[in-house]
Asker: 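The structure's right below; bear with me while I get my questions together.
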Amino acid sequence: MTYPLPALLEPLLPLAMYAFVASITPGPNNIMLTSSGIRFGFLRSIPHMLGVTAGFGVMLALCAVGIGSLVLALPSMHIVLKAIGSAYLLYLAWQLRSMALQPDKSQQGRPMSFLAAAAFQAVNPKAWIMAITGASAFLPQAQSVWLAIGVFCLVFCSVNLPCISLWAGSGAMLRRYLDQAVWRRTFCVVMVALTLYSALAVWL
């Protein structure tokens, strides 16, 4: 069965809206990017941002062809993904705690690399849920399934990158206002609490 061009274009607005809501709301990636913006600035966080979107794009394609549903259908695999993702978030919370206690060393280290950010998507439960839900509900219909998958990934990633960039940019803007120790520590406490909540939320 073939579908005319309008059938391919009609679902794009709902897809873009879903991608915006899913990408802009708090989650492990956005919390990590905010922290990166604070510690390293916006420009040095660009590889991290690009890695998130690239890795997520691969996940979108995999979910669109059905592999994502298979992964989540295997309880043992699901548990492993959640365990690795939550463990990394706990590590990140510890790093943020150290930043609050030793502000003079907050600029040590390096921002997450492109490859590391892309690889993290494989153990990010929120990313899996976003990808599988999007592929299940908003995958366009077209004469070619590969065209549909390509359009789906292109639209989602085109919305995702600006959304996550806002979080890194917000962190970079806050950076200049956190010179005072009391505000820096207060902010770090909030970020640690959000990160710990994210680590817990993957099991809920």
Side-chain angles (χ1 to χ4, degrees), residues 3 5-37 40-72 81-82 84-85 88-89 92 111-173 198 201-202:
Y3 298 90
L5 185 58
L8 177 63
L9 298 179
E10 285 176 1
L12 296 189
L13 181 58
L15 169 60
M17 293 177 63
Y18 169 75
F20 174 79
V21 172
S23 299
I24 201 69
T25 50
N29 283 324
N30 291 335
I31 291 173
M32 290 164 62
L33 283 168
T34 303
S35 300
S36 182
F40 308 109
F42 184 83
L43 292 179
R44 293 185 65 193
S45 299
I46 288 177
H48 186 169
M49 292 181 277
L50 295 177
V52 168
T53 299
F56 184 60
V58 172
M59 182 181 293
L60 288 170
L62 292 175
C63 290
V65 299
I67 297 178
S69 296
L70 177 62
V71 170
L72 291 188
L81 292 174
K82 293 196 294 186
I84 296 175
Y88 186 83
L89 289 170
L92 178 63
M112 181 175 278
S113 68
F114 175 91
L115 291 178
F120 177 72
Q121 304 319 301
V123 295
N124 182 354
K126 182 188 176 184
W128 279 106
I129 293 172
M130 287 168 55
I132 291 177
T133 302
S136 300
F138 301 103
L139 185 67
Q141 295 177 325
Q143 295 179 355
S144 168
V145 64
W146 297 112
L147 175 61
I149 292 174
V151 171
F152 170 68
C153 294
L154 179 62
V155 172
F156 212 126
C157 289
S158 297
V159 174
N160 176 260
L161 183 58
C163 289
I164 64 175
S165 298
L166 286 175
W167 286 82
S170 298
M173 290 179 63
S198 296
V202 303

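Index from 1, following the sequence.
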Asker: For the pair T25 and K126, evaluate side-chain contact (heavy atoms from CB on, under 4.5 Å) and give the outcome as yes or no after the intermediate values.
Answerer: CA-CA 11 Å; T25 50; K126 182 188 176 184; 3.2 Å; yes
Asker: Indicate yes or no for a side-chain donor-acceptor contact from W167 to the backbone of I24 under 3.5 Å, with no hydrogens or angles considered.
Answerer: yes
Asker: List in chain and number order the residues that pass side-chain contact (heavy atoms from CB on, under 4.5 Å) with S113, two or more places apart in sequence or in another chain; answer none if no residue qualifies.
Answerer: L115, A116
Asker: Which heavy atom in C157 sits nearest to a heavy atom in L60, and how many Å separate them?
Answerer: SG-CD1, 4.1 Å
Asker: With S45, which residues qualify under side chain to side chain donor-acceptor pair (under 3.5 Å), at least two apart?
Answerer: S36
Asker: Report the C-alpha distance between F56 and L161 in whole Å, list the side-chain angles of each, state the deciding distance to 0.1 Å, and finish with yes or no for side-chain contact (heavy atoms from CB on, under 4.5 Å).
Answerer: CA-CA 10 Å; F56 184 60; L161 183 58; over 6 Å; no
Asker: Once you round to the nearest 0.5 Å, how far does CG of N29 lie from NE2 of H48?
Answerer: 6.0 Å
Asker: Grab the two heavy atoms, one from V123 and one from W128, that are nearest each other, plus how far apart they are.
Answerer: N-NE1, 4.4 Å
Asker: Taking all non-hydrogen atoms of both residues, which atom of A131 and which atom of M59 are closest, and how far apart?
Answerer: CB-CG, 3.9 Å
Asker: Output a table of donor-acceptor pairs, distance under 3.5 Å, between side-chain atoms of residues 12-20 and any protein atom two or more places apart or on a different chain; print 'none' if there are none.
Answerer:
unit_1: Y18; atom_1: OH; unit_2: M130; atom_2: O; d: 3.1

Asker: Please report the shortest heavy-atom distance between S158 and L154, naming the atom on each side.
Answerer: OG-O, 2.6 Å
Asker: For residues G55 and Q121, report the shortest heavy-atom separation together with the two atoms involved.
Answerer: C-CG, 3.9 Å
Asker: Let's go through T53 and L50 carefully: what are the C-alpha distance in whole Å and the side-chain angles of both, what is the deciding distance for side-chain contact (heavy atoms from CB on, under 4.5 Å) to 0.1 Å, and is it a yes or a no?
Answerer: CA-CA 5 Å; T53 299; L50 295 177; 5.9 Å; no
Asker: Checking M32 against F120 for the side-chain contact (heavy atoms from CB on, under 4.5 Å) test, could you report, in this order, the C-alpha distance in whole Å, the side-chain angles of both residues, the deciding distance, and whether it holds?
Answerer: CA-CA 11 Å; M32 290 164 62; F120 177 72; 3.7 Å; yes
Asker: If you look at every heavy atom in A117 and V52, which pair is closest and at what distance?
Answerer: CB-N, 3.8 Å
